[in-house]
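Structure, as structure tokens:
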Amino acid sequence: MTIYNTLEDFKNFIEGVVQNERLLTKTNKIKIPQVKLGYLDENEGDQEKEDFPYIIVRYMKDQVEDDEAIVSIKILFGVYSEDSGGWIDIIHCMEVLKREILRRYSFDFYRVQLPIKCSIPEEQPFPYFIGTMELDLIIPRIEIEGDEEPWPV
């Protein structure tokens, strides 16, 4: 499996985990956090989109070893809160996801390698709050079959 397939599968797992979570938006609506790969979509024209709440699965780096590959990812959490308690929503989201990761630990073609590191920066762009979770996914190493060069020179 490729790194993209792994990230897409992990994103789908997170969507299932947060499907019952409801968080506030800046227009006082309650909604499920959107889960995205990489980055949030750009605003179109002068229209500002309602991005919060969100969870972003972001590739950071990978490393190929003898019999496996390690993919490091960062999961970004973003919430909106009208009071200074938004950090509690961030912790809640991180704990819900961490609990389910530890419960499952091994997926179809990859597994999570401990430790799972969570943090909330001291400075927050009130009324928005952000936090991060960092973890490594262990995937099978890509093998090249045959004796042909992988790319023509």
Side-chain angles (χ1 to χ4, degrees), residues 1-65 68-142:
M1 284 288 131
T2 65
I3 292 172
Y4 175 78
N5 294 126
T6 305
L7 295 176
E8 183 68 34
D9 187 76
F10 198 66
K11 173 186 150 300
N12 293 338
F13 165 72
I14 294 172
E15 286 175 332
V17 168
V18 299
Q19 69 183 347
N20 295 320
E21 299 301 316
R22 302 291 186 267
L23 296 166
L24 187 66
T25 68
K26 67 181 175 184
T27 56
N28 279 336
K29 295 179 184 171
I30 302 293
K31 76 177 209 180
I32 299 169
Q34 63 174 321
V35 182
K36 298 285 220 174
L37 279 182
Y39 299 86
L40 292 172
D41 296 331
E42 290 185 35
N43 291 330
E44 295 179 13
D46 294 340
Q47 299 260 326
E48 185 178 335
K49 289 192 314 252
E50 194 162 70
D51 292 326
F52 290 79
Y54 64 75
I55 299 173
I56 299 172
V57 179
R58 187 170 291 168
Y59 165 88
M60 299 307 291
K61 65 181 180 176
D62 67 274
Q63 174 178 319
V64 177
E65 298 190 353
E68 62 192 15
I70 302 169
V71 179
S72 298
I73 64 172
K74 183 179 284 188
I75 302 169
L76 306 161
F77 299 84
V79 300
Y80 173 85
S81 180
E82 294 179 342
D83 59 30
S84 61
W87 64 275
I88 296 169
D89 291 334
I90 293 290
I91 289 177
H92 173 75
C93 289
M94 289 191 289
E95 287 294 310
V96 165
L97 181 56
K98 192 182 339 175
R99 181 183 65 226
E100 293 304 315
I101 290 170
L102 293 172
R103 184 176 288 162
R104 185 159 175 190
Y105 181 64
S106 184
F107 296 79
D108 292 336
F109 52 89
Y110 60 95
R111 70 183 192 278
V112 174
Q113 179 175 319
L114 298 178
I116 298 172
K117 300 176 185 177
C118 297
S119 65
I120 297 176
E122 286 187 45
E123 298 293 323
Q124 294 290 326
F126 183 83
Y128 303 105
F129 293 83
I130 56 171
T132 63
M133 177 184 289
E134 296 178 23
L135 53 92
D136 292 334
L137 303 176
I138 306 301
I139 65 173
R141 190 179 86 166
I142 295 174

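What you see is a predicted model, and the numbers here were worked out from it, not measured in a lab. If you read the sequence from its start, that first residue is 1, and numbering goes on from there.
- Between Thr6 atom OG1 and Leu137 atom CG the span is 7.0 Å, to the nearest 0.5 Å.
- What you find for Gly38 and Ile56 is that their closest heavy atoms are O-CG2, 3.1 Å.
- The side chain to side chain contact (heavy atoms under 4.5 Å, CB included) check on Ile130 picks up Tyr54, Pro121, Gln124, with sequence neighbours excluded.
- The distance from the CD atom of Gln19 to the CD atom of Glu21 is 10.0 Å, given to the nearest 0.5 Å.
- Nearest heavy-atom pair, Val71 versus Tyr59, reported as atom, atom and distance to 0.1 Å: CG1-CD1, 4.1 Å.
- Residue Phe13 holds its CZ atom at 4.0 Å from CZ of Phe107, rounded to the nearest 0.5 Å.
- Met133 and Met94 get closest at one heavy-atom pair: CE-O, 3.5 Å.
- Between Phe126 and Phe129, the ring planes are perpendicular. Angles over 60° get that label, and only those under 30° would be called parallel.
- Atom CG of Leu23 is separated from atom OH of Tyr80 by 13.0 Å, given to the nearest 0.5 angstrom.
- Under the 4.5 Å side-chain criterion, counting only non-hydrogen atoms from C-beta, Leu102 is in contact with Ile116.
- For the pair Asp62/Ile139, no side-chain contact is recorded, criterion being any heavy-atom separation below 4.5 Å from C-beta on.
- Counting heavy atoms from C-beta outward, Ser72 and Lys61 have side chains that approach closer than 4.5 Å.
- Of the possible donor and acceptor atoms, one in the side chain of Gln34 sits under 3.5 Å from a partner among the backbone N and O of Asp51.
- Taking CZ from Phe77 and CD1 from Ile14, the interatomic distance works out to 6.5 Å, rounded to the nearest 0.5 Å.
- Counting only heavy atoms from C-beta outward, the side chains of Val112 and Arg104 never approach each other to under 4.5 Å.
- Judged purely by atom type and a 3.5 angstrom limit, Arg111 has no side-chain atom pairing as donor or acceptor with the backbone of Asp108.
- Heavy atoms of other residues, nucleotides or ligands lying less than 6.0 angstrom from NZ of Lys31 number more than 12.
- Using a distance-only test at 3.5 Å, with no hydrogens or angles considered, no donor-acceptor pair links the side chain of Arg58 to the main chain of Ile75.
- For the pair Tyr110 and Asp9, the tightest heavy-atom approach, listed with the atom from each and the gap, is OH-OD2, 2.7 Å.
- Annotation: the span from Ile73 atom CD1 to Thr132 atom OG1 amounts to 11.5 Å, rounded to 0.5 Å.
- For the pair Arg99 and Glu95, the salt-bridge criterion is not met [side-chain N within less than 4.0 Å of a carboxylate O].
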